[in-house]
Number of protein chains: 2
Amino acid sequence: MKITEEKELTGVKEIARRAEVSIATVDRVLHNRQGVSIKTKNKILSIIAELDYQPNILARTLASKKILKFAVLIPEASNETAFWEAPLTGILKAEEEIKRYGIQIDKYFFDQNDTSSFVAKTEQLLHDHVDGILMAPMFTEESIAFTNDCKRLNIPYVFINSDLPDQQSLCYFGPDLYQSGYMGAHLLRYLVPNQAKNKILLVNISKEINQRHHLLQKEKGFKSYFEDHNRKNEIIKIDVRQTDYASVEREMDQIFAQHQDISAIFVSNSRVSSVARYIEQHNKTEILLIGFDFLPQNIEYLKNDVIDFLICQKPQEQGYKGIMALYNKMVHGQSSQQVNFMPIDIISRENYLFYHN
Amino acid sequence: MKITEEKELTGVKEIARRAEVSIATVDRVLHNRQGVSIKTKNKILSIIAELDYQPNILARTLASKKILKFAVLIPEASNETAFWEAPLTGILKAEEEIKRYGIQIDKYFFDQNDTSSFVAKTEQLLHDHVDGILMAPMFTEESIAFTNDCKRLNIPYVFINSDLPDQQSLCYFGPDLYQSGYMGAHLLRYLVPNQAKNKILLVNISKEINQRHHLLQKEKGFKSYFEDHNRKNEIIKIDVRQTDYASVEREMDQIFAQHQDISAIFVSNSRVSSVARYIEQHNKTEILLIGFDFLPQNIEYLKNDVIDFLICQKPQEQGYKGIMALYNKMVHGQSSQQVNFMPIDIISRENYLFYHN
DNA sequence: TATATTTTCGTGTACGTACCCGAATTTACT
DNA sequence: AGTAAATTCGGGTACGTACACGAAAATATA
């Protein structure tokens, strides 16, 4: 029965009435399915455009039994770095919100010290059929290879925590590394007198090669600030290639043997707690200490006035917003900004209790 | 026809089958409507409990044509204080997200300098029938009277920006005023030597009586920090009761005539830009300046190094989360925490570009 | 021209819930 | 007991969309 009454209808029914076809035909056009002549298809399309038709998501997801599968590909939260717990928490929060709208989220965790585990997970992920991907592209080359596959299979993907520009990701949620180093230096400007004798120690602690470029970008930002503002402080830098405390202690001992007048220490990542432990044990807590990330150990030292400031970049929000970006794109067709830098938050002893990681 | 097949059904159908009644009867029980005998009602209720039945929100909002009306009762964003633009932005964002689920949000703006305009709006609000309220309870007594009406009418309400404890609000999203003053003092600890001669000026600028208690709480937090940590700095305090620049200038002139050695100024609200203008015009920019809120004028002075730090408390998020709390409560039956303090964010020249207000 | 094939399209049912309307049952009242 | 009234309940349709199935129309093939 063709719908011909004049009563104002809504949605597909109204389109069907105006085009003098059945609802099913309108549906075919909406979903780009075949079986519609070009003539009627164009007619329907023009009516859709004219009405600025917005499908009712409620009815759609209710009627459509199929569920969208999103995949999450991030490092597992080891006890070595609890960092990745936060993005996962954000992801779970998003999942809780949208699972009732037919979204399923499968998690694939890899070992961030092991490239091959990453590759293995990408293969498994492609084998299971998924409709969208949220990933941390830690290993550059492997990630590029993987996203090329995704492009071929027409699977959209979102990056978090670190970006691969020019890889056509749907979007990126994460820090501007350079600027966060710059911010750290800015804090020190207030805290350390502008004299050469007030030395500043820059510490990179990292075992994984893949993380090096992160640290390098922060280091670059940090140093640039001192140049841009003609700061006179001498900057000493050390790279610690082992993350155990003994290694850190050894290196620090060496530095302090050479330099007596270090006013501040800037640790370029979340390993700042190791340095905190050192300066606490060696009664050097008068030295200013700045580091990264809202991790339990770090907060402990923050409470005890050993760490003075932590710079944080909302890891949880990275996961949450990444998933929601996928959801908004695939379900509502809304695309968001391509690059989304997280705020650069400054945490101290007096506001950490209020921080939302 | 009673549903008797053994095939596993979902939702109300399954309940109806097990209880050997019709769907309509189950529906009556679910909505606490009358017309069901106590016996069958109990039977159905026990089955609902047993199955841990969760209604399908999609189907519910689709089938139910009625739309929920939320009311927002906040100050209008005057050019005197652009502050309230931010909560409104958050509210609009939430509206955009949930309007497709049958939520309508009506806005009622009052003049924060005029109690009677507040009362007028509350009356209008109660006249229009609304299902939930998000409000800024700026005028204590009037707000209490209003929320008593709401309680009587069984309309849930959420507070933002300032709290009225013991008023049985669904929840509160806003700052911990005392702690934000404490935080401001903590920042100064790093920036000003611990000596009596390094004086610190505390400035309250406010015309509205209703805002006074805000400032007082911050002031209390600020001073407490100095006491708690045995800081020796002399603290000078002034209250400026007019918000125009001429008044501020007059008061500041007077203070600087009396004191030559002021190291830092703490302005307890967003009017910090007036003080910034003063110390810029009087070539006193070497004085540290700390204030509140991410407003355009303040950011300008932050860029120019006149203001050193701004403390911000996510006003936009207050509006967003407030609305979502109402929504989650009324649609999904999920209640959130009662008191939700916003983070205490520290904004400086090097991170303001990344701040999400 | 008759039949086979392809293209094009409509009917009908389903998703899970809300709610109108009227029927069946029970209770109250003369 | 007989009727009226109240109580309790079920049938059926609707919300807006998806999709299986089959019918009709157009085209191709013999």
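A note on names: the letters A, B, ... follow the listed sequences, proteins ahead of strands, and every chain is numbered from 1. Bear in mind the structure is a predicted one, so any value in this text is a computation, not a measurement.
- In this structure, the CG atom of A:L68 is 14 Å from the C1' atom of D:dA18, given to the nearest Å.
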Show me the protein contacts with nucleotides 5-7 of chain C, counting only N or O atoms at under 3.5 Å.
none

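- In this model, the phosphate group of D:dT8 is not approached by any side-chain N or O of B:K41 to a distance below 4.0 Å at OP1 or OP2.
- At the phosphate of C:dC9, OP1 or OP2 sits under 4.0 Å from a side-chain N or O atom of A:T40.
- Not one side-chain nitrogen or oxygen of A:K13 sits closer than 4.0 Å to the OP1 or OP2 atom of D:dT17.
- Rounded to an integer number of Å, the gap from CD1 of B:I38 to P of C:dT27 is 12 Å.
- One can place CD1 of A:I15 at 17 Å from C1' of C:dG10, the figure rounded to the nearest angstrom.
- Judged by distance alone, with hydrogens and angles left aside, the side-chain atoms of A:K107 form a donor-acceptor pair with the main-chain N or O of A:I105 at under 3.5 Å.
- The shortest distance between the side-chain N/O atoms of A:S22 and the OP1/OP2 oxygens of C:dC9 is not below 4.0 Å.
- Under the salt bridge (charged side-chain N to carboxylate O under 4.0 Å, His left out) criterion, the residue pairs touching residues 35-48 of chain A are A:E20-A:K43, with sequence neighbours excluded.
- The ring-ring contact (aromatic ring centres under 6.0 Å, His included) check on A:Y355 picks up A:F294, with sequence neighbours excluded.
- Residues passing the ring-ring contact (aromatic ring centres under 6.0 Å, His included) test with B:F354 are A:F341, sequence neighbours excluded.
- Rounded to whole Å, the distance from CZ on B:R17 to C1' on D:dC9 is 20 Å.
- Atom-to-atom, NZ of B:K39 to P of C:dT26 comes out at 10 Å; the value is rounded to the nearest Å.
- Side-chain polar atoms of B:E14 and B:Y53 form no donor-acceptor pair below 3.5 angstrom.
- Spacing between atom NZ of A:K43 and atom P of C:dC9 amounts to 10 Å, rounded to whole angstrom units.
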Under 3.5 Å between N/O atoms: give me all the protein pairs with nucleotides 18-20 of chain C, atom names plus distance.
| residue | atom | partner | partner atom | Å |
| --- | --- | --- | --- | --- |
| C:dA18 | OP1 | B:H31 | NE2 | 2.8 |
| C:dA18 | OP1 | B:R60 | NE | 2.6 |
| C:dA18 | OP1 | B:R60 | NH2 | 3.4 |
| C:dA18 | OP2 | B:D27 | OD1 | 2.6 |
| C:dA18 | OP2 | B:H31 | NE2 | 2.8 |
| C:dC19 | OP2 | B:R33 | NH2 | 3.3 |

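- Between A:T10 and D:dG16, a side-chain N or O to OP1/OP2 separation shorter than 4.0 Å is present.
- Sorted by first and then second residue, the salt bridge (charged side-chain N to carboxylate O under 4.0 Å, His left out) pairs involving residues 313-337 of chain A (not counting sequence neighbours) are A:K314-A:D345, A:E317-A:K321.
- Counting to the nearest Å, the P atom of C:dA14 and the CG atom of B:L62 are 17 Å from each other.
- A search for ring-ring contact (aromatic ring centres under 6.0 Å, His included) contacts involving B:Y108 returns nothing, not counting sequence neighbours.
- Listed by chain and number, the residues in a ring-ring contact (aromatic ring centres under 6.0 Å, His included) with B:Y157 are B:F159 (sequence neighbours excluded).
- Counting only residues at least two apart or in different chains, salt bridge (charged side-chain N to carboxylate O under 4.0 Å, His left out) contacts with residues 46-61 of chain A comprise A:R18-A:E50.
- Atom-to-atom, CG of B:L51 to P of C:dT17 comes out at 12 Å; the value is rounded to the nearest Å.
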